[in-house]
Amino acid sequence: MPELPEVETFKRYIENGSLRRRVVRVEVRNSTVLAVRAEELEQRAQGAMFLSVHRHGKQLFLELSSGGWLTWHFGMTGEPVLFEHEEPRFPRVLFHFADATLAHDDPRMLGRIGWTASVEEFVRRKKLGPDALSISKSEFVERFSRARGAVKPAVMDQHRMAGIGNIYADEVLFQGRLDPRAEVSSLSTRELETMHRNMRRVLRLSIDKGTDFSRFPRTYLLHHRYKGAACPDCGGTVDTVTLGGRTTYFCPACQKSRGTARRVEEEA
DNA sequence: TTTCATGTTCAGCA
DNA sequence: GTGCTGAACATGAA
């Protein structure tokens, strides 16, 4: 579930019931999801409280009353679940409060929980770009002006800008009727500014709707991510192509570009 | 049974 | 350094 809007929703979820409660016990069911030794996590979190939550891109940080921050990434299938009796299906790490538990529920175990002394230091070490909802129009234009290759992988590159993943990259490009294969350096400043605006609109709308896709406009492409789907705009058939190693859904009729990122030499 | 999946990382190559 | 591809991680769902 987790791209920027989902992680922002997780942030609010945690703020809404998991702050300032004492962690009486940390239970690690699968150390695969740990980016820190289990003993260290227990030592730092047990007896402590979560004071605040910060988000950068798809990364979450929980401030610990004992000092430093818990780093929490959700991978492809992770999510936080606060429960009292009904345990979720795939709890990998559990923070037990006196009368409730906050769990990292994650079937595929691609998420990671760790610790850092400073959010800034962590962002620097991971080389994460600016957050997609915080980046200014001018910095967006500047950073994408320096990129080469197809526009979609550039938008998903967390080093360039953090927060956009496969689903939202496709949606942002569809909203702007941009070909995901278009050479990013062929885009004008005006087109980049429009992309920045579309990106903010899509992310904000998703957060406003609680990331519930069923509440998204029917004009959105994300309702049409399956083989043979019809484009919500022109009714043509949605096509797929692999970009950045991920399946990309787009409407070849609506999303046309002057040039694609494929090298001419390779086509000869 | 096979294929795919809202992510990240790394090796190998141009 | 930049970009691209494929594989690995690990498991459920279609």
Side-chain angles (χ1 to χ4, degrees), chain A residues 1-11 29-35 55-60 71-80 88-93 104-114 122-123 125-129 132 143-174 180-186 199 202-203 205-207 209-214 216 220-229 240-249 260-268:
Chain A
M1 304 202 90
E3 289 185 42
L4 188 153
E6 286 77 17
V7 179
E8 176 62 25
T9 301
F10 294 166
K11 171 178 184 279
R29 300 254 179 103
N30 300 83
S31 55
T32 302
V33 301
L34 291 188
R55 181 190 59 71
H56 186 105
K58 308 173 188 174
Q59 183 75 47
L60 221 52
T71 62
W72 197 347
H73 194 284
F74 301 91
M76 195 107 80
T77 57
E79 64 176 334
R89 288 185 66 189
F90 310 100
R92 307 305 187 181
V93 174
H104 171 65
D105 194 49
D106 185 0
R108 289 178 67 184
M109 298 197 275
L110 296 175
R112 290 294 180 271
I113 290 176
F122 182 92
V123 168
R125 182 157 50 78
K126 292 288 186 179
K127 298 180 163 60
L128 293 177
R143 284 181 166 259
F144 283 88
S145 296
R146 275 188 264 125
R148 285 173 290 140
V151 62
K152 167 155 177 187
V155 170
M156 286 199 304
D157 183 352
Q158 305 300 298
H159 300 311
R160 176 166 290 101
M161 176 182 75
I164 305 292
N166 200 33
I167 298 278
Y168 291 96
D170 283 0
E171 194 60 56
V172 169
L173 295 174
F174 177 72
R181 301 164 296 184
E183 168 61 49
V184 62
S185 61
S186 76
M199 175 181 79
V202 169
L203 295 178
L205 179 135
S206 177
I207 291 168
K209 303 288 184 189
T211 73
D212 178 353
F213 288 2
S214 71
F216 285 31
Y220 270 42
L221 182 68
L222 48 71
H223 299 299
H224 308 261
R225 299 179 68 83
Y226 54 90
K227 187 175 171 295
T240 60
V241 64
T242 298
L243 285 172
R246 315 297 302 277
T247 300
T248 301
Y249 288 85
T260 67
R262 281 272 68 78
R263 288 172 176 280
V264 178
E265 307 91 80
E266 291 175 14
E267 292 177 344

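Only a predicted model underlies this, so the values are computations on that prediction, with no experimental measurement involved. Each chain gets a letter, A, B and so on, in the order the sequences are listed, and its residues count up from 1.
Here the nucleotide nearest the side chain of A:Lys58, chosen from B:dT8, B:dT6, C:dG3, is B:dT8. Checking B:dT8, B:dT6, C:dT2 against every side-chain atom of A:Arg225, the shortest atom distance belongs to B:dT6. Closest to the A:Thr247 side chain, of the nucleotides B:dT8, B:dA5, B:dT6, is B:dA5.
The distance from atom CZ of A:Phe122 to atom C1' of B:dT8 is 11 Å, rounded to the nearest whole Å. Atom CG of A:Leu222 is separated from atom C1' of B:dT6 by 10 Å (rounded to the nearest Å). As rounded to whole Å, 15 Å separates atom P of B:dT8 from atom CZ of A:Arg160. Going from atom CZ of A:Phe10 over to atom C1' of B:dG7 covers 13 Å, rounded to whole Å. Here B:dG7 presents its C1' atom at 19 Å from NZ of A:Lys127, a figure rounded to the nearest Å. Computed from coordinates, the A:Met76 CE to B:dT3 C1' distance equals 13 Å when rounded to whole Å. Put simply, NZ on A:Lys227 is 14 Å from P on B:dA5, counting in whole angstrom units. Note: CZ (A:Phe74) to C1' (B:dA5) measures 18 Å, nearest angstrom.
A:Arg89 meets the salt bridge (Lys or Arg N to Asp or Glu O under 4.0 Å) test with no other residue; sequence neighbours excluded. The salt bridge (Lys or Arg N to Asp or Glu O under 4.0 Å) check on A:Lys58 picks up nothing, with sequence neighbours excluded. With sequence neighbours excluded, no residue forms a ring pair (Phe, Tyr, Trp, His ring centres under 6.0 Å) with A:Tyr168. Taking the side-chain hydrogen bond (donor to acceptor under 3.5 Å, both in side chains) definition, one finds that A:Arg143 meets it with A:Glu139, sequence neighbours left out. Listed by chain and residue number, A:Glu8, A:Asp131 satisfy the salt bridge (Lys or Arg N to Asp or Glu O under 4.0 Å) test with A:Arg55 (two or more places apart in sequence, or in another chain). In this view, A:Ser145 satisfies the side-chain hydrogen bond (donor to acceptor under 3.5 Å, both in side chains) rule with no residue, not counting sequence neighbours. Among residues two or more places apart in sequence or in another chain, the side-chain hydrogen bond (donor to acceptor under 3.5 Å, both in side chains) test is passed with A:Gln59 by none. Legend: residues meeting salt bridge (Lys or Arg N to Asp or Glu O under 4.0 Å) with A:Asp105, ordered by chain and number and at least two apart, are absent. For A:His104, the side-chain hydrogen bond (donor to acceptor under 3.5 Å, both in side chains) partners two or more places apart in sequence, or in a different chain, are A:Trp72, A:Asp106.
Between A:Arg246 and the phosphate of B:dA5, there is no side-chain N or O to OP1/OP2 separation shorter than 4.0 Å. OP1 or OP2 of B:dT8 has at least one side-chain nitrogen or oxygen of A:His73 nearer than 4.0 Å.
Atom name P, nucleotides B:dT3 and C:dA8: the rounded distance is 15 Å, in whole Å. Across C:dA10 and B:dT1, the matching P atoms stand 22 Å from one another, rounded to whole Å.
Nucleic acid contact class of A:Gly165 (heavy atoms, under 4.0 Å, all strands): sugar-phosphate only.
Consecutive pairing runs in DNA chain C reach the stem threshold at B:2-5 with C:11-14, B:7-14 with C:2-9, where a stem means at least three Watson-Crick or G-U wobble pairs with distances under 3.5 Å.
Heavy atoms only, all atoms of each residue included: A:Pro180 and A:Ala150 are closest at O-CB, 3.7 Å. Across every non-hydrogen atom of A:Thr247 and A:Asn166, the tightest pair is O-ND2, 3.1 Å.
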Legend entry - Under 4.0 Å protein heavy-atom contacts per nucleotide of nucleotides 9-14 of chain B, with B for base, S for backbone only and - for none: S-----
Inset, instruction - Assign a letter to each nucleotide of nucleotides 8-14 of chain C from its 5' end: B, base within under 4.0 Å of a protein heavy atom; S, sugar-phosphate only; -, no contact. - result: -BBBSS-
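In this structure, A:Val155 and A:Met199 have side chains that are not in contact, with every pair of non-hydrogen atoms separated by 4.5 Å or more.
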